[in-house]
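Below, chain A is the first sequence line, B the second, and so on; all start at residue 1.
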Amino acid sequence: MKNYEVAWALQELADLLDLTGENSFKSRAYRVAARRIQALPKDISDLYREGRLTEIDGIGTAIAQKIGELLTTGEISLAQRLREQIPAGLFDVLTVPGVGPKRAYQFYRELGIDSLSKLKEAAKERKLRRLKGMGSKIESTVLAGIERIENPEKKRRLLLNTADYYGCLFKDRLAQHPQVTEVAVAGSLRRMVETIGDLDLVVATESPQEVAEYFKSFPEFGELVANGPTKISAIHKSGFQVDLRIVTPQEYPSALLHFTGSADHNIRLRQLAKGKGFRLSEYGLESTTDSKEVVTPASEAALYAFLGLPYIPPELREDRGEIEAGLAGELPKLVELADIRGDLHIHSCWSDGGATVEELARAAAQRGYQYIAICDHSRSLKIANGLELERLKRQHADIAELNARGDLGITVLTGIEVDILDERLDYEDDVLAEIDVVVASVHSGFKQPLERIMARIELAMRNPHVDILAHPTGRLLQRRSGYAVDMNRVIDLAVETGTALEINSFPDRLDLDDLTARKALQRGATIVINTDSHHLEQLAYMTYGVAMARRAWAGPGQILNCKDLTSLRKWLRDRGSTH
DNA sequence: GCCGTTTTCGGCCCGACTGTTTTCAGTCG
């Protein structure tokens, strides 16, 4: 059983405990344990065999026993019992905004509501208002919430590029207000989480009312779900929620830290503050002694310093070990966009891309790159105008001519995104041997069983000419989960064969994800960050791939395309010779 | 359920907003 499966089981147990009205600290303990296991570099089953589970911070005897039970029997008996007590439909009820565990269980206990449809019916029949502590308002809240959930266009999380677009839009518009002294995007978008639920913005001003009125007047907002003096939540007409928090300029750094989160990171910071005799909130630090002294740090960095920590970049703020690393002075220096020297997976109009090689090269040079590799599709992918051998040769001649002109300011490497077919690659080895950068990927047979997919991937990775495994899981965010692939095995193969694993920067892929990439790096695999661009503008997606790498704790030395051209060429040569 | 150079028991992060309450619980982040 894999770490994420164990983590998932503990998470489910926490949800079940919440619904039964258990002490909320108990469910939190399960959630903390789940998160620790998910971020664990080692296999949980190995630790279990060695009897070392309780060495993990947040895992005591009770949870260790349950993990043992799960690993040996495949089930936790407590979870089994709770599932009999709690209908699965209550989890759907929980997804309704404004309905938490207490109300969900109350609906079930007193009205027998165990599904969204029953909840909707009860709200329409005005039955909810009869319950203690509820009135007519809860019924309209529930109905509005269910309507949003049932509308598939509106319930989706935003892809990073979409969230980024809106985040900049609202930020710029708020910045134009004369009373706004500071404004920033916070929340999961600032942490660059792979998909975004709500947009969070923080502004500093001495005139909160004026700024609040200004924000509420934005024409694309529909209803307001919260409307207080310092916090406003509006529903954008396309369905997502935008939260604005208004603070004074003095409070701004503390508020920015607070609203960037994550919630778990904040909890750790407040515990640290408490140890130093201060209460940390979005308003700053307040002494818990009689003095009630208030400290409002001038920057996020100053606040971290007050707590004895170096500045922690937003992408790391997930309570995945960054606090411990910071205290120990062992935070990594993260890769930055400026460290990227090239893009090794770009499509041109030779296959299904929209730009010529020359246009791509010039745009890449503008970005400050030293090199790019043009990796169009191979011949079997007819739908994408894959290259027959004849056209592949002409493309190579074209690229050679471009490079020979010497006025590009960048080196164009030949490349291919070769399809991993059943039992072979889409070109023979002698063809692949002539290509600078060979990217291999699965584009077919997504429904095949694990063993068969893995056999194909292994064959590709063991091929000495294959340099990179592209979008290793094949997932499309919000659309499909990937094909059946054992990433533990893929990482082992990557380490063994030296094949680089791609972080694909396309906002609907981001594949590898942050946790898998981190695991790969911990085990010593090489990562490459590519855009898979099909149009000129998409070269800019590199930002998102770099963000995933940062969330995976990657430094520039661990990223293939942070090498300069000479080192990259050496890497490519050495690979060929060792296989 | 976890955890301990203030504790092996009694804490466990903090605050805004809402709706239904005459002082607070539930939800959210």
Side-chain angles (χ1 to χ4, degrees), chain A residues 10 13-14 17-18 21-36 53-67 78 93-107 128-142 144-145 186-191 193 196-202 208 212 224-233 241-247 251 254-255 257-286 288 307 317 319 323:
Chain A
L10 294 178
L13 192 47
L17 288 168
D18 272 341
E22 257 291 0
N23 173 359
S24 64
F25 294 110
K26 192 185 273 193
S27 61
R28 206 175 82 190
Y30 280 100
R31 280 182 224 286
V32 167
R35 205 168 50 247
R36 294 283 183 277
L53 285 181
T54 53
E55 286 176 25
I56 303 169
D57 194 29
I59 295 185
T61 48
I63 293 184
Q65 179 269 326
K66 290 186 177 65
I67 294 171
L78 173 62
V93 172
L94 265 187
T95 63
V96 178
V99 179
K102 294 277 188 339
R103 283 173 188 162
Y105 195 52
Q106 190 181 10
F107 292 156
L128 303 184
R129 65 182 67 180
R130 294 189 217 148
L131 300 179
K132 188 168 187 302
M134 301 199 198
S136 59
K137 201 61 201 278
I138 187 74
E139 288 163 357
S140 44
T141 305
V142 160
S188 51
L189 177 55
R190 182 155 180 249
R191 303 197 313 278
V193 178
I196 307 298
D198 304 336
L199 283 186
D200 292 298
L201 294 145
V202 187
L224 299 175
V225 290
N227 185 11
T230 66
K231 178 184 166 184
I232 299 156
S233 296
Q241 184 173 319
V242 186
D243 296 338
L244 179 70
R245 290 296 304 253
I246 306 170
V247 296
E251 294 160 347
S254 306
L257 184 82
H258 173 87
F259 296 113
T260 297
S262 65
D264 298 318
H265 179 82
N266 288 349
I267 287 173
R268 296 296 305 276
L269 294 185
R270 290 184 200 127
Q271 287 168 343
L272 281 178
K274 213 167 174 178
K276 296 189 182 298
F278 283 84
R279 182 197 315 280
L280 172 63
S281 76
E282 57 264 56
Y283 303 116
L285 294 142
E286 187 191 12
T288 49
L307 299 175
R317 301 181 193 172
D319 190 22
I323 305 284

[X] has an atom [atom1]; how far is it from atom [atom2] of [N], in whole Å?
{"X": "A:Asp57", "N": "B:dC12", "atom1": "CG", "atom2": "P", "answer": "18 Å"}
{"X": "A:Leu244", "N": "B:dC28", "atom1": "CG", "atom2": "P", "answer": "20 Å"}
{"X": "A:Glu22", "N": "B:dC2", "atom1": "CD", "atom2": "P", "answer": "13 Å"}
{"X": "A:Lys276", "N": "B:dT6", "atom1": "NZ", "atom2": "C1'", "answer": "15 Å"}
{"X": "A:Lys132", "N": "B:dC24", "atom1": "NZ", "atom2": "P", "answer": "13 Å"}
{"X": "A:Lys274", "N": "B:dT5", "atom1": "NZ", "atom2": "P", "answer": "16 Å"}
{"X": "A:Gln65", "N": "B:dC2", "atom1": "CD", "atom2": "P", "answer": "10 Å"}
{"X": "A:Leu199", "N": "B:dG29", "atom1": "CG", "atom2": "P", "answer": "13 Å"}

Would you say [X] and [Y] make side-chain contact, with heavy atoms under 4.5 Å?
{"X": "A:Leu272", "Y": "A:Lys276", "result": "no"}
{"X": "A:His265", "Y": "A:Arg191", "result": "no"}
{"X": "A:Arg36", "Y": "A:Ile59", "result": "no"}

Identify whether any heavy atom of [X] sits under 4.0 Å from a base atom; if not, whether one sits that close to sugar-phosphate; answer base, sugar-phosphate or nothing.
{"X": "A:Phe259", "result": "nothing"}
{"X": "A:Leu269", "result": "nothing"}
{"X": "A:Val247", "result": "nothing"}
{"X": "A:Arg268", "result": "nothing"}
{"X": "A:Ile267", "result": "base"}
{"X": "A:Gly135", "result": "sugar-phosphate"}
{"X": "A:Ala226", "result": "sugar-phosphate"}
{"X": "A:Val32", "result": "nothing"}
{"X": "A:Leu280", "result": "sugar-phosphate"}

Do A:Arg317 and A:Asp264 sit within salt-bridge range, that is, some charged N less than 4.0 Å from a carboxylate O?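 Between A:Asp264 and A:Arg317 there is no salt bridge, as every charged N stays at least 4.0 Å from the carboxylate O atoms.
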
By nearest atom, which of the nucleotides [options] is closest to the [X] side chain?
{"X": "A:Lys26", "options": "B:dG1, B:dC12, B:dG29", "answer": "B:dG1"}
{"X": "A:Glu282", "options": "B:dC17, B:dG1, B:dA16", "answer": "B:dA16"}
{"X": "A:Tyr283", "options": "B:dG19, B:dC12, B:dG15", "answer": "B:dG15"}
{"X": "A:Ser281", "options": "B:dG1, B:dT27, B:dC14", "answer": "B:dC14"}
{"X": "A:Lys66", "options": "B:dC14, B:dC2, B:dG1", "answer": "B:dG1"}
{"X": "A:Ala29", "options": "B:dC14, B:dC2, B:dT27", "answer": "B:dC2"}
{"X": "A:Arg28", "options": "B:dA16, B:dG29, B:dC12", "answer": "B:dC12"}
{"X": "A:His258", "options": "B:dG29, B:dC2, B:dC12", "answer": "B:dG29"}
{"X": "A:Asp198", "options": "B:dG29, B:dT18, B:dG1", "answer": "B:dG29"}
{"X": "A:Pro101", "options": "B:dC3, B:dT27, B:dC17", "answer": "B:dT27"}

Below 4.0 angstrom from OP1 or OP2 of B:dC17, is there any side-chain N or O of A:Thr230?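 For A:Thr230, the contact criterion (side-chain N or O under 4.0 Å from OP1 or OP2 of B:dC17) is met.
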
Using OP1 and OP2 only, check whether a side-chain N or O of A:Lys137 sits under 4.0 Å from B:dG19.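 For B:dG19, OP1/OP2 do have a side-chain N/O of A:Lys137 under 4.0 Å.
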
For B:dT7, measure the glycosidic angle (O4'-C1'-N9-C4 for a purine, O4'-C1'-N1-C2 for a pyrimidine) and name it syn if it falls within 90° of 0, otherwise anti.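 This nucleotide is in syn.
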
Hey, which sits more toward the 5' end of DNA chain B by its nearest nucleotide, A:Phe25 or A:Ser136?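 Result: A:Phe25.
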
Of A:Glu286 and A:Gly58, whose closest DNA chain B nucleotide lies nearer the 5' terminus?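 Its nearest nucleotide lies further toward 5', so the answer is A:Gly58.
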
In whole Å, measure the gap between the [atom1] atoms of [N] and [M] for me.
{"N": "B:dG11", "M": "B:dA16", "atom1": "P", "answer": "24 Å"}
{"N": "B:dT20", "M": "B:dT27", "atom1": "P", "answer": "14 Å"}
{"N": "B:dT6", "M": "B:dG1", "atom1": "P", "answer": "27 Å"}
{"N": "B:dT7", "M": "B:dC2", "atom1": "C1'", "answer": "14 Å"}
{"N": "B:dG10", "M": "B:dG15", "atom1": "P", "answer": "25 Å"}

Please evaluate the base of B:dG29 for a donor-acceptor partner in the side chain of A:Asp200 within a cut-off of under 3.5 Å?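 Flag unset: no donor-acceptor pair detected.
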
Which residue is it: A:Arg31, A:Lys26, A:Lys102? I am looking for the one with a salt bridge (charged side-chain N to carboxylate O under 4.0 Å, His left out) to A:Asp18.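 The passing option is A:Arg31.
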
So which atom in A:Tyr30 and which in A:Leu10 form the shortest heavy-atom distance, rounded to 0.1 Å?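 Heavy-atom minimum between the residues: CB-O, 3.9 Å.
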
Closest approach of A:Val99 to A:Ala104 (non-hydrogen atoms, all atoms of both residues):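 Of all heavy-atom pairs spanning A:Val99 and A:Ala104, the closest is CG1-N, 3.9 Å.
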
Counting N and O atoms only, with roles assigned by atom type, does the side chain of A:Arg129 sit under 3.5 Å from a partner on the main chain of A:Glu139, one being a donor and the other an acceptor?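 Absent.
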
When both hydrogen-bonding distances must be under 3.5 Å and the geometry is Watson-Crick or G-U wobble, what is B:dT8 paired with, if anything?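 Paired with B:dT8, as far as the under-3.5 Å criterion goes, is no nucleotide at all.
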
